[in-house]
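This structure is a prediction, so every number in the text was calculated from the model and none was measured.
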Amino acid sequence: MPHILIVSSEPYKIPSVPLGGIFQEHQAEVLAKAGHCIGVASGGLLPLRSVMESLPPRHEQQGTIAISRNFARSLVPLRFKSETRLHQDQLDLLVTSIRSYTGKHGKPDIIHAHNLQYAALAAQVCAAELRIPYCITEHNSAFLLGTLPKSLHTQLRNAIDESAGFACVSTALARAAHELLQYHTPTLVLPNILDPELEAMARRFTPIPAKETGHQFTFLAIGRLDRNKNHALLLRAFAKAFPTSSEQLKIIGAGAESQALFQLSDELGVAQRVKFLGLKDRAGIVDALRQCNALVQTSTVETFGVSIIEALAFGNPVLTTPSGGPSDIIVNGFNGQVLPDHDTGTLANALIRLRATSDSFDRSAIQSQALDAYGAPNFVCRVNEWYASMTTPHALSR
């Protein structure tokens, strides 16, 4: 098994960013369990609000996974730094983290960068120094939102074309990345995976029809309470679909839109049937997934849809507005529906239909397909094949 160094553009598992690098963490765990030698490098500027917090340890061992970090505090708000200065500072810190890792743990066989900005650019520098291949997995919603800095386009295009492999977590993201950067390297669509512990819980769970749950029919939404997640649309559609009946809506998440959403649910007259649950840990999310009857996602943009695959893993059908990534996951009529627009009436009618047809879904089949597609065994198999292609003489000569 090759020695893989995963490079995270996000702060990886530090106290001030508890969910930072969560997707990289899940992949590191399943690859290490499969027998790979896995390391993680992470680094960058921490915002001014973290000035009173201790910097995370430079080197750490979590199980069999070796972690190297290189963070610095910004003494001014990051938004006040010039784009050029911020870019160079972030890149320098991440390059130093990779060099620190290799100095302590030796040269990896492959560097696997998560996100072009900044992990892939740092991997490009260090892979050239070490004469090893690097590959990239892209998650960044900036491609779908159209907010990727234009000044970086040439650098990012070159980083893709000099890599041994480029993957995106969804077809929509791959299409947007190619349209923007016009790179030449073939793109692999490599979805995110289920949280390994959540997957284990799901494999022990047997889904049952909604009519047998013994509780009021419950729609669930999971996601930050921000404008992109568009919970206001969900509240309006829920109130329109079920103005007086007993259906419930539970929402897991917190964020800047919290107070506005609380007020909106009150104004719509559904506050007694809408439960804002706040942030939940893994156990709390699993409990909600076990007890709900369907998941609803109303985002404007999603590069993938982790909450969707989590809901499917517990046998729940999913209703989603068009946002990009979920179109790879949802098979209309089998495990849910992707709506054609973000219209309140369209969503309200879909909620009514889903409520009426809930027991027609084969929840065991939904669960089985999700676990097969997004569980660890399939991911490890696909990634092993991808890594093997990078160690060929052709790949190494790129």
Inset, instruction - State plainly whether one hydrophobic cluster holds both I222 and L279, where clusters connect Ile, Leu, Val, Met, Phe, Trp and Tyr through side-chain heavy atoms under 4.5 angstrom apart. - result: no
Legend entry - salt_bridge(E129, R99) N-O dist < 4.0 Å: yes
Legend entry - Donor-acceptor contact below 3.5 Å, side chain S246 vs main chain Q216: no
Legend entry - From CA spacing to verdict: side-chain hydrogen bond (donor to acceptor under 3.5 Å, both in side chains), R69, S8: CA-CA 10 Å; R69 300 184 182 92; S8 174; over 6 Å; no
Legend entry - K275 atom NZ, over 12 foreign heavy atoms within 6.0 Å: yes
Inset, instruction - Using only heavy-atom distances, determine whether the side chains of N192 and H26 contain a donor-acceptor pair under 3.5 Å. - result: no
Legend entry - CD1 on I6 to CD1 on I110, rounded to 0.5 Å: 11.0 Å
Legend entry - Any side-chain heavy-atom pair of I14 and L46 under 4.5 Å: yes
Inset, instruction - Output, in order, the C-alpha distance, side-chain angles, deciding distance and verdict of side chain to side chain contact (heavy atoms under 4.5 Å, CB included) for I308 and L312. - result: CA-CA 6 Å; I308 291 177; L312 297 174; 4.0 Å; yes
Legend entry - Test item: L289 and L220 side chains (from C-beta on) under 4.5 Å apart, heavy atoms: yes
Legend entry - Counterpart residues, ring-ring contact (aromatic ring centres under 6.0 Å, His included), relative to F143 (two or more places apart): none
Inset, instruction - Please test D266 against Q263 for side chain to side chain contact (heavy atoms under 4.5 Å, CB included), starting from the C-alpha separation and ending with a verdict. - result: CA-CA 5 Å; D266 190 52; Q263 183 177 342; 5.7 Å; no
Legend entry - T346 side chain to D341 side chain, donor-acceptor N/O pair below 3.5 angstrom: yes
Inset, instruction - Find the distance between CG (L5) and CD1 (I111) and round it off to the nearest 0.5 Å. - result: 5.5 Å
Inset, instruction - Salt-bridge test for K33 and E29: reply yes if a basic N is under 4.0 Å from a carboxylate O, no otherwise. - result: no
Inset, instruction - Taking all non-hydrogen atoms of both residues into account, name the closest pair between L55 and F71 and its distance. - result: CD1-O, 3.8 Å
Legend entry - Heavy-atom closest contact (H3 atom, G106 atom, distance): CE1-O, 4.0 Å
Compile the donor-acceptor pairs under 3.5 Å between side chains in residues 370-380 and protein atoms, sequence neighbours left out, one pair per line.
| from | atom 1 | to | atom 2 | distance (Å) |
| --- | --- | --- | --- | --- |
| N378 | ND2 | A373 | O | 3.1 |

Inset, instruction - Provide the closest heavy-atom pair for R382 versus P191 in the form atom of the first, atom of the second, distance. - result: NH1-CD, 3.5 Å
Legend entry - Flag for S299-R224: side-chain donor and acceptor within less than 3.5 Å: no
Inset, instruction - Heavy atoms only: give me the nearest G21-E10 pair and the separation to one decimal. - result: N-OE1, 3.1 Å
Legend entry - Main-chain N/O of Y118 paired with S9 side-chain donor or acceptor, under 3.5 Å: yes
Inset, instruction - Take I160 and E138 through the test side chain to side chain contact (heavy atoms under 4.5 Å, CB included) and record every step on the way to the result. - result: CA-CA 10 Å; I160 295 173; E138 187 58 54; over 6 Å; no
Inset, instruction - Please answer whether the main-chain N or O of L249 pairs with a side-chain N or O of E247 as donor and acceptor at a distance below 3.5 Å. - result: no
Legend entry - Connected via hydrophobic side-chain network under 4.5 Å: V189 and M390: no
Inset, instruction - Would you give the length of the straight line joining atom CD of Q297 to atom OG1 of T321, rounded to the nearest 0.5 angstrom? - result: 6.5 Å
Legend entry - side chain to side chain donor-acceptor pair (under 3.5 Å), paired with T137, selected from Q27, Q24, H112: H112
Inset, instruction - Would you indicate whether Q272, at its atom CD, is surrounded by more than 12 heavy atoms from other residues, nucleotides or ligands within a distance under 6.0 Å? - result: no
Legend entry - Any side-chain donor near an acceptor of the partner, D328 and T171, under 3.5 Å: yes
Inset, instruction - Check whether any side-chain N or O of S368 sits under 3.5 Å from a backbone N or O of S364 as a donor-acceptor pair, and report yes or no. - result: no
Legend entry - Step-by-step side chain to side chain contact (heavy atoms under 4.5 Å, CB included) determination, L121 to L156: CA-CA 7 Å; L121 297 177; L156 300 182; 3.9 Å; yes
Legend entry - 4.5 Å side-chain heavy-atom contact, N332 and Q337: yes
Inset, instruction - Could you tell me whether the side chain of N293 and the main chain of T218 form a donor-acceptor pair under 3.5 Å? - result: yes
Inset, instruction - Please answer whether the main-chain N or O of V306 pairs with a side-chain N or O of D195 as donor and acceptor at a distance below 3.5 Å. - result: no
Legend entry - V7 vs Y101 side-chain heavy atoms within contact, under 4.5 Å: no
Legend entry - Donor-acceptor under 3.5 Å (S170 side chain, T303 main chain): yes
Legend entry - R157/D161 ion pair, N-O < 4.0 Å: no
Inset, instruction - Indicate yes or no: at least one non-hydrogen side-chain atom of Q369 is less than 4.5 angstrom from one of V331. - result: no
Inset, instruction - Spell out, as yes or no, whether a donor-acceptor pair under 3.5 Å connects the side chain of S100 to the backbone of S97. - result: no
Legend entry - Residue pair E179 / Q182: nearest heavy atoms and the distance that separates them: O-NE2, 3.2 Å
Inset, instruction - First locate atom OG1 of T102, then atom NZ of K104, and finally report the distance between them rounded to the nearest 0.5 Å. - result: 12.0 Å
Inset, instruction - Please confirm whether F219 and F242 have ring centers closer than 6.0 angstrom. - result: yes
Legend entry - pair F304-I309: side-chain heavy atoms closer than 4.5 Å: yes
Legend entry - Hydrophobic cluster identity match, I366 and F205, side-chain contacts under 4.5 Å: yes
Inset, instruction - Verify, without hydrogens or angle tests, whether S258 (side chain) and A254 (backbone) share a donor-acceptor contact under 3.5 angstrom. - result: no
Inset, instruction - Group every Ile, Leu, Val, Met, Phe, Trp and Tyr by side-chain heavy-atom contacts under 4.5 Å, then state whether L295 and F334 land in the same group. - result: yes
Legend entry - Close side-chain approach of I67 and S42, heavy atoms under 4.5 Å: no
Inset, instruction - Return yes if some donor-acceptor pair links the side-chain N/O of Q367 with the main-chain N/O of A202 below 3.5 Å, else return no. - result: yes
Legend entry - Exercise: do T300 and H342 side chains pair donor with acceptor under 3.5 Å: no
Inset, instruction - Search all heavy atoms of N228 against all heavy atoms of E302 and return the closest pair with its distance. - result: ND2-OE2, 4.4 Å
Legend entry - Residue pair L181 / L116, side-chain heavy-atom distance below 4.5 Å: yes
Inset, instruction - Is it possible for you to say whether L19 and I65 belong to one hydrophobic cluster, with membership spreading through side-chain heavy-atom contacts below 4.5 Å? - result: no
Inset, instruction - Answer yes or no: are there more than 12 heavy-atom neighbours, outside R227 itself, under 6.0 Å from its atom CZ? - result: no
